[in-house]
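Quick note: numbers below take in every heavy atom, side chains included, and nothing from hydrogens, waters or symmetry partners.
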Amino acid sequence: AKPHAMQTIPSSSRQAAGGSRLVGQKSKSAMRGPVKAAVSSSDIRHQAHLRAPMDLAHTFNAKFVPFKDVEQKKVSDESYSLDEVVYRAADGNLLDVQHDMAALAHYDAKHWKSVFDSRVGTTRWPFGSGVWSKKEWVLPGISDDDIISMFEGNSNLFWAERLGREHMGMSDLWVKQCGNSHTGSFKDLGMTVLVSQVNRIRKMKPGSITAVGCASTGDTSAALSAYCAAADIPSIVFLPADKISLAQLVQPIANGALVLSIDTDFDGCMKLIKQVTAETPIYLANSMNSLRLEGQKTAAIEILQQFDWQVPDWVIIPGGNLGNVYAFYKGFKMCQELGLVDKLPRLVVAQAANANPLYQTYQRAKQEGKEHQLASVFQPMKAQTTFASAIQIGDPVSIDRAILALQDCDGLVEEATEEELMDAAARGDRTGMFNCPHTGVALAALSKLRDRGVIGPNDRTVVISTAHGLKFTQSKVEYHAGKIPGFASTYANPPVIVKEDLGAVMDVLKSRFKLKM
């Protein structure tokens with residue numbers, strides 16, 4: 001069975017070629033057909049209008065406000081310019097970037113869709129970026145000259161036809177390949193925004209920021225070091241010793257960052273970087289900094305574009321520090337509030353069982369009858385080692401953000417054991433993907449929800465793949481070699497050692513493919 005939104009089907013053939021074109025959008029050659037003598041004047045005027053600056057663009061603005069105000073749907077006098085170096089509200093809680101929605105609403109949904117769609121795939125600076133093609137919704141006040149971009153985003157929305165049909169009993173399963181990006185993870189989407197704003201502040205206030213630093217489980221440090229290198233801004237990364245892959249470790253080293261390998265876990269690194277940035281002109285780049293979420297939210301808008309502005313039923317997101325969960329929610333919510341769509345998808349946070357504080361919170365709330373008081377039930381945990389190392393976080397900074405997102409969209413939380421996540425990643429690989437362990441967590445969560453009938457066979461479902469599998473090859477090698485203690489490695493496919501002998505080779509081929517000679 002084909003996906004129920006028939007206009008999206010042609011995307012599957014285009015995805016193999018890179019996937020940057022919108023789902024349902026015909027190629028230029030297909031659209032052109034026979035050469036025409038003239039183009040209608042109305043089309044020319046429309047295209048020129050889209051290229052021209054918006055008359056009211058000067059009214060677009062954004063600022064920092066306390067997240068508590070957003071959570072409680074109130075307006076207080078506390079706000080901060082995005083040009084200020086500030087990470088926390090006066091009460092010590094998180095901040096959020098708030099846009100002037102009334103100003104954005106001066107342009108209707110049709111206009112925004114046309115503007116965003118017209119920028120896809122262009123080489124015009126900076127709109128060829130999947131993030132900066134939504135500039136007015138991200139950092140409306142920044143000059144194009146201050147933007148540091150590698151044309152991130154525009155990532156493939158892959159129709160996982162075979163995986164859905166053979167293993168999930170689904171006809172409309174998609175995987176958003178956010179790892180098909182410059183440094184191999186979705187973190188590029190947020191880092192282009194943060195480093196661009198730092199670049200602006202350094203120009204406005206020389207000496208105010210000496211360097212940019214982060215604590216990381218691997219992917220954040222890679223993105224930060226790359227974008228800082230492009231901007232010629234020093235970067236510092238705090239990494240937990242022996243807890244990230246070699247591929248992740250070498251990225252900040254190659255980009256010239258100061259790499260501090262610290263004998264602790266991510267939460268310990270996070271504590272140290274917060275102390276350092278509080279006492280020095282080093283700018284904090286972790287997701288408690290709301291700027292990054294403005295870039296990450298564009299992946300949600302991009303999904304809607306790729307579905308011709310139709311809303312999927314479910315979006316499943318691997319969850320660690322939980323900022324990305326809120327970022328996707330923000331993207332979908334902005335589209336709903338500005339009339340581009342009329343509903344929200346249901347979000348699912350997928351956590352590794354070894355680092356599952358949000359999952360435990362949901363289970364505890366159910367037992368205690370406090371489903372609407374999740375924040376009061378939350379308890380941090382000591383995260384245990386997981387192959388999904390980027391989400392090995394026991395005390396997530398964005399716990400309150402994630403709870404707000406899930407409650408507003410009737411979301412769920414699911415977990416996956418180590419064997420479940422590795423099996424799910426390998427099963428997906430057998431159908432043409434090359435999944436990171438975090439994507440394995442999301443696929444395992446999907447499998448459980450399908451088994452329980454929570455997600456239906458025809459539900460349009462998007463799994464967020466947060467990183468490229470090439471960053472986690474060691475875990476795949478161990479899985480396929482059968483070297484992970486206690487694992488059956490159900491989908492292992494080790495190489496077959498054969499002598500340099502035709503007969504020996506033929507014996508293997510006949511056995512594998514049931515050949516009759």
Side-chain angles (χ1 to χ4, degrees), residues 1-5 8-9 11-12 15 157-178 300 303 306-307 310-319 324-325 328 332 343-353 356 358-360 362-363 366 386-388 391 402 405-406 409-466 469 479 487-491:
K2 302 298 185 184
H4 53 73
T8 66
I9 296 175
S11 67
S12 59
Q15 288 156 356
L157 183 59
F158 171 72
W159 182 26
E161 180 186 16
R162 185 181 167 201
L163 178 65
R165 182 183 69 248
E166 296 184 5
H167 299 286
M168 302 290 185
M170 301 179 71
S171 60
D172 214 355
L173 174 61
W174 303 77
V175 179
K176 179 63 170 168
Q177 300 279 9
C178 295
I303 288 171
Q306 289 171 310
F307 282 137
Q310 298 177 33
V311 181
D313 298 301
W314 299 88
V315 177
I316 304 177
I317 309 167
N324 208 29
V325 178
F328 270 84
F332 290 127
K343 64 178 181 178
L344 299 174
R346 295 186 69 183
L347 301 182
V348 177
V349 178
Q351 293 203 295
N356 63 349
L358 182 58
Y359 177 80
Q360 289 188 24
Y362 262 70
Q363 296 304 309
K366 287 181 182 179
T386 172
F387 285 106
I391 57 175
L406 291 172
C409 68
D410 192 22
L412 302 172
V413 187
E414 188 51 83
E415 67 171 356
T417 67
E418 293 300 288
E419 188 165 16
E420 287 171 343
L421 72 89
M422 290 299 288
D423 279 345
R427 187 167 57 231
D429 291 351
R430 288 290 191 99
T431 66
M433 291 183 276
F434 195 67
N435 292 303
C436 69
H438 319 87
T439 307
V441 174
L443 290 171
L446 169 61
S447 183
K448 290 182 173 183
L449 294 171
R450 279 290 297 121
D451 289 344
R452 298 204 302 268
V454 176
I455 294 180
N458 298 314
D459 288 355
R460 171 163 284 177
T461 303
V462 179
V463 169
I464 305 303
S465 178
T466 52
Y479 179 90
F487 278 31
S489 293
T490 304
Y491 300 95

Where [X] and [Y] come nearest, the two heavy atoms and their spacing:
X	Y	result
Ala350	Ile391	O-CD1, 4.4 Å
Ala425	Cys436	CB-O, 4.2 Å
Leu358	Gln351	N-OE1, 3.0 Å
Pro457	Gly169	CB-O, 3.3 Å
Asp429	Asn435	OD1-N, 2.7 Å
Thr431	Gly428	OG1-O, 2.7 Å

Original post:
Looking at Lys448 and Glu420, does any basic side-chain N land under 4.0 Å from a carboxylate oxygen?
Top reply: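 Looking at Glu420 together with Lys448, the answer is yes, because their closest N to O distance falls below 4.0 Å.
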
Subject >> Asp410/Arg346 salt bridge by N-O under 4.0 Å criterion >> reply: yes

**OP:** Give, for atom CD of Glu161 and atom CG of Leu163, the distance between the pair rounded to the nearest 0.5 Å.
**Re:**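 It is 11.0 Å, given to the nearest 0.5 Å.
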
Subject >> Rounded distance [0.5 Å steps], CE in Met422 versus CZ in Phe387 >> reply: 5.0 Å

**OP:** Verify the distance criterion only: is there a donor paired with an acceptor across the side chains of Thr386 and Glu418 at less than 3.5 Å?
**Re:**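 Yes - a donor-acceptor pair under 3.5 Å links their side chains.
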
Original post:
Among side-chain atoms of Asp423 and Tyr479, is any donor-acceptor pair under 3.5 angstrom?
Top reply: yes

Flag the pair [X] / [Y] as yes when at least one side-chain heavy-atom distance between them is below 4.5 Å, and no otherwise.
X	Y	value
Val348	Val454	no
Leu412	Leu449	yes
Tyr362	Val349	no

Original post:
Relative to Tyr491, does Arg430 satisfy both conditions: NZ or CZ under 6.0 angstrom from the six-membered ring centre, and within 45 degrees of the ring's axis?
Top reply: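 Judged by the rule (NZ or CZ under 6.0 Å from the ring centre, within 45° of its axis), Arg430 is not positioned above Tyr491.
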
Subject >> By side chain to side chain donor-acceptor pair (under 3.5 Å) - contacts of Thr439 (at least two apart) >> reply: Ser465

